[in-house]
There are 2 protein chains.
Amino acid sequence: MVENKELYKFFAQGEKFFQPGISIDSVIFGFHNNQLKVLLTKLKYVNLWSVAGGFVYKDEHIDDAATRILRERTGLSNIFLKQFYIFGDPRRSDRKFHVNRMRHVGWDADRNYWLLKRFITIGYYALVNFTNVVPTRDYMSDLCDWYDIHDLPPLIMDHGDILGRALETLRTQLKYQPIGYNLLPQKFTMPELQKLYETILDKKLDRRNFQRKMLGYDILNRLEQRRKGGAHKAPYLYSFNLKKYHRALREGLAGGW
Amino acid sequence: MVENKELYKFFAQGEKFFQPGISIDSVIFGFHNNQLKVLLTKLKYVNLWSVAGGFVYKDEHIDDAATRILRERTGLSNIFLKQFYIFGDPRRSDRKFHVNRMRHVGWDADRNYWLLKRFITIGYYALVNFTNVVPTRDYMSDLCDWYDIHDLPPLIMDHGDILGRALETLRTQLKYQPIGYNLLPQKFTMPELQKLYETILDKKLDRRNFQRKMLGYDILNRLEQRRKGGAHKAPYLYSFNLKKYHRALREGLAGGW
DNA sequence: ACAAAAGTGTTGTCGATACACCCATGG
DNA sequence: CCATGGGTGTATCGACAACACTTTTGT
């Protein structure tokens with residue numbers, strides 16, 4: 001198998017290219033069907049899933065590495081991406097997992113093999129537009145797809161913790177920063193934006209107060225057009241005023257839900 | 001010199017004990033004479049200062065490493081310590097600086113020497129009680145002392161950035177968490193607590209509103225005793241109600257300055 | 001016409017600010 | 001006795017939550 005050759009090559013030569021002992025794990029959030037989703041990959045030879053992970057090239061900025069990994073998994077660049085925590089427990093790695101994978105491609109590792117050493121991982125979280133993403137697996141995985149935040153498959157190592165802490169961070173950030181731009185299509189309605197907030201915060205918000213508060217932030221453009229076709233009254237479409245949006249990102253919102 | 005032997009040993013054997021490519025830099029804040037201070041060490045053989053740095057033993061949790069480094073510099077355990085950012089620019093290390101130090105102890109490093117490789121550093125910040133600290137230098141440094149945040153000596157590499165970002169984080173955290181416990185003596189007056197807040201935020205606060213807000217958090221015990229001796233009316237002494245203080249740490253404050 | 005969804009308005013509460021007043025102490 | 005700092009009280013404003021009303025649309 002050509003793919004397993006690639007994996008073999010990674011095992012054999014990764015040490016040459018990658019910064020030792022450091023990995024990156026990005027929790028990629030998307031929004032679809034009124035549900036918050038995470039992009040996960042199923043790793044080969046085991047029945048375990050993983051958030052979008054990877055390694056840092058020896059001369060690569062960690063933020064660039066995170067961006068690259070995100071692009072490899074989603075096809076997207078220019079995305080909201082932020083480091084949120086470092087996971088530095090010396091026992092977080094799962095030796096058996098690696099040994100098992102290596103056996104499948106015929107790589108025989110000794111005890112000092114680079115991948116079996118301790119890894120510290122840098123947690124990033126990303127917000128992406130679900131419909132623009134083309135989930136792309138690589139030679140390490142045989143599946144890459146979205147999963148509902150409330151219905152997750154079994155995760156490798158401490159990826160449950162990583163995901164949980166990313167979600168917690170997202171919820172906190174939500175209070176002080178605008179976020180819809182990265183998760184919604186260009187044009188969207190106020191109820192759609194509200195659903196996004198409700199989904200992330202996991203609680204109902206008052207329709208009318210939400211609208212007024214959101215408009216109060218002064219980061220939205222109301223378009224002439226309305227969303228037709230649905231039953232009932234047609235809602236306005238909005239887009240983000242990028243200039244004001246980015247100012248709000250820098251300076252923060254009043255906040256408090 | 002015995003000390004230089006130690007440094008030599010570090011150069012020669014550090015690779016055996018420490019996790020490669022990872023360092024820890026802790027910005028240690030204290031409060032004294034109504035000024036916010038940082039604990040810095042002056043490194044040997046150069047006219048540059050550094051925040052409290054160190055390395056991670058191969059089987060040590062990064063949080064434990066940060067705690068250990070803090071104890072080595074201050075003599076204190078059980079302290080408020082929190083990771084706040086990872087600095088991962090591949091060009092952040094200063095090769096010349098290391099080479100220069102090594103030359104002074106007669107260590108001759110080749111190009112692949114561990115210390116000259118890329119290091120990613122984990123930024124922590126700590127809040128400590130100034131009067132309890134015994135600033136302690138080690139074999140790498142010839143000075144260790146407090147410096148006013150507004151009057152800093154020249155700092156090594158990106159330690160200026162690290163310090164700035166730590167300060168920014170502290171200011172943000174101040175809005176959502178109680179902090180005085182770690183920076184003030186056991187007993188303190190309301191004006192003293194206010195000075196602390198004013199110093200960190202670098203702005204004046206209204207005396208009366210501050211008092212009411214602070215008392216409203218319900219984390220203080222008013223003591224019978226008052227602070228005598230100063231001119232003018234004797235202010236009450238307070239101490240923190242630790243139980244409520246820690247609950248507030250976990251659950252956050254209302255906040256907003 | 002009516003149910004359901006969307007848009008707009010009104011009111012009450014609470015916290016934050018601004019400021020006025022009183023108390024204690026040392027010079 | 002008065003200047004200075006500390007403690008307590010009150011008015012005002014604005015943000016936010018709760019809730020009423022009107023408008024639009026498909027069936």
Side-chain angles (χ1 to χ4, degrees), chain A residues 33-34 171 174-178 180 184 187-199 201-239 248 251-257, chain B residues 33-34 171-172 174-178 180 184 187-199 201 203-239 248 251-257:
Chain A
N33 283 343
N34 292 337
R171 283 189 179 134
L174 195 59
K175 295 175 188 164
Y176 314 114
Q177 289 192 346
L184 292 173
K187 300 175 181 180
F188 53 91
T189 66
M190 193 60 77
E192 284 165 0
L193 182 58
Q194 182 178 344
K195 275 283 186 308
L196 171 62
Y197 273 74
E198 289 183 337
T199 304
L201 292 173
D202 203 18
K203 73 165 136 176
K204 285 255 162 259
L205 301 171
D206 184 284
R207 184 173 63 84
R208 299 151 282 191
N209 294 332
F210 179 84
Q211 178 143 172
R212 226 172 324 101
K213 186 165 186 171
M214 215 62 210
L215 292 175
Y217 289 153
D218 191 28
I219 54 173
L220 295 176
N221 296 323
R222 175 180 282 185
L223 310 176
E224 292 303 313
Q225 209 181 345
R226 285 165 180 251
R227 164 95 68 228
K228 291 171 192 170
H232 320 303
K233 184 172 183 176
Y236 287 104
L237 282 169
Y238 291 87
S239 67
E251 299 172 11
L253 298 172
W257 250 292
Chain B
N33 283 342
N34 292 336
R171 284 190 179 132
T172 306
L174 195 58
K175 296 174 188 164
Y176 314 113
Q177 290 192 346
L184 293 173
K187 299 176 182 180
F188 53 90
T189 66
M190 194 59 79
E192 285 165 359
L193 182 57
Q194 182 178 344
K195 275 283 186 307
L196 171 62
Y197 273 74
E198 289 182 338
T199 305
L201 293 172
K203 74 166 137 176
K204 285 256 163 259
L205 301 172
D206 185 283
R207 183 174 62 85
R208 299 150 283 192
N209 295 331
F210 179 84
Q211 177 143 170
R212 228 172 325 102
K213 186 166 186 170
M214 215 62 211
L215 291 175
Y217 288 153
D218 191 28
I219 54 173
L220 296 175
N221 297 323
R222 176 181 280 185
L223 309 177
E224 292 304 312
Q225 209 181 345
R226 285 166 180 251
R227 163 95 66 228
K228 291 169 191 168
H232 320 303
K233 184 172 182 176
Y236 286 105
L237 283 170
Y238 291 88
S239 67
E251 299 172 12
L253 298 172
W257 251 291

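Reminder, nothing fancy here: chain letters follow the sequence lines and each chain counts from 1. What's counted below: heavy atoms across the whole structure, side chains too, no hydrogens, waters or symmetry copies. Remember, it's a predicted structure, so these values are computed and weren't measured experimentally.
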Novice: Between A:F210 (CZ) and C:dG7 (C1'), how many Å, whole number?
Specialist: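 After rounding, the reported distance stands at 15 Å.
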Novice: Give, for atom CG of B:L184 and atom CG of B:L196, the distance between the pair rounded to the nearest 0.5 Å.
Specialist: 5.0 Å
Novice: Distance-only, no hydrogens or angles: does the A:Q194 side chain make a donor-acceptor pair with backbone N or O of A:L205 under 3.5 Å?
Specialist: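 It does hold such a pair.
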Novice: Could you tell me which non-hydrogen atom of B:L237 sits nearest to which non-hydrogen atom of B:T189, and how far apart they are?
Specialist: CD2-CG2, 3.8 Å
Novice: Given B:F210, which of B:K213, B:R207, B:M214 fulfils the side-chain contact (heavy atoms from CB on, under 4.5 Å) condition?
Specialist: B:M214
Novice: Can you tell me how far C1' of C:dA16 sits from CG of B:D206, to the nearest Å?
Specialist: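 Value for this atom pair: 10 Å.
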Novice: Atom OH of B:Y217 and atom C1' of C:dA16: how far apart are they, to the nearest Å?
Specialist: 11 Å
Novice: Expressed as a whole number of angstroms, how long is the span from A:L205:CG to C:dA6:P?
Specialist: 15 Å
Novice: Please list, chain by chain and in numerical order, all residues satisfying side-chain hydrogen bond (donor to acceptor under 3.5 Å, both in side chains) with B:R171, sequence neighbours excluded.
Specialist: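 Per chain and number, B:R171 pairs via side-chain hydrogen bond (donor to acceptor under 3.5 Å, both in side chains) with no residue.
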Novice: Find the distance B:K204:NZ to C:dA18:P and express it as a whole number of Å.
Specialist: 15 Å
Novice: Rounded to whole angstroms, how far apart are CZ on A:F188 and P on C:dA6?
Specialist: 15 Å
Novice: Looking only at the side chain of A:P191 (C-beta and beyond, no hydrogens), which of the listed nucleotides D:dG7, C:dA16, C:dG7 gets closest?
Specialist: C:dG7
Novice: Check ring-ring contact (aromatic ring centres under 6.0 Å, His included) between B:Y236 and all other residues, then give those that pass, not counting sequence neighbours.
Specialist: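 With sequence neighbours excluded, B:Y236 shows a ring-ring contact (aromatic ring centres under 6.0 Å, His included) to no residue whatsoever.
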Novice: Is there any protein nitrogen or oxygen under 3.5 Å from a nitrogen or oxygen in nucleotides 8-10 of chain C, and what are the pairs?
Specialist:
| from | atom 1 | to | atom 2 | distance (Å) |
| --- | --- | --- | --- | --- |
| C:dT8 | OP2 | A:R222 | NH2 | 3.2 |
| C:dG9 | O6 | A:R212 | NH2 | 3.4 |

Novice: Could you pull out the closest heavy-atom pair between B:G180 and B:L193, with the gap in Å?
Specialist: CA-CD1, 4.3 Å
Novice: Which whole-number value in Å describes the distance from A:L201 CG to D:dA17 C1'?
Specialist: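 Checked: the CG to C1' distance equals 16 Å.
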Novice: To the nearest 0.5 Å, what is the distance between CD (B:E224) and CZ (B:R222)?
Specialist: 9.5 Å
Novice: Could you run down nucleotides 22-27 of chain D 5' to 3' and tag each one B, S or - for protein heavy-atom contact under 4.0 Å?
Specialist: -BBBS-
Novice: Mind pulling the stems DNA chain C is in, i.e. runs of at least three Watson-Crick or G-U pairs, everything under 3.5 Å?
Specialist: C:1-27 with D:1-27
Novice: Going by the salt bridge (charged side-chain N to carboxylate O under 4.0 Å, His left out) test, which pairs reach into residues 188-198 of chain A, not counting sequence neighbours?
Specialist: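 Passing the test, one end in residues 188-198 of chain A: A:E192-A:R227, A:E198-A:K204.
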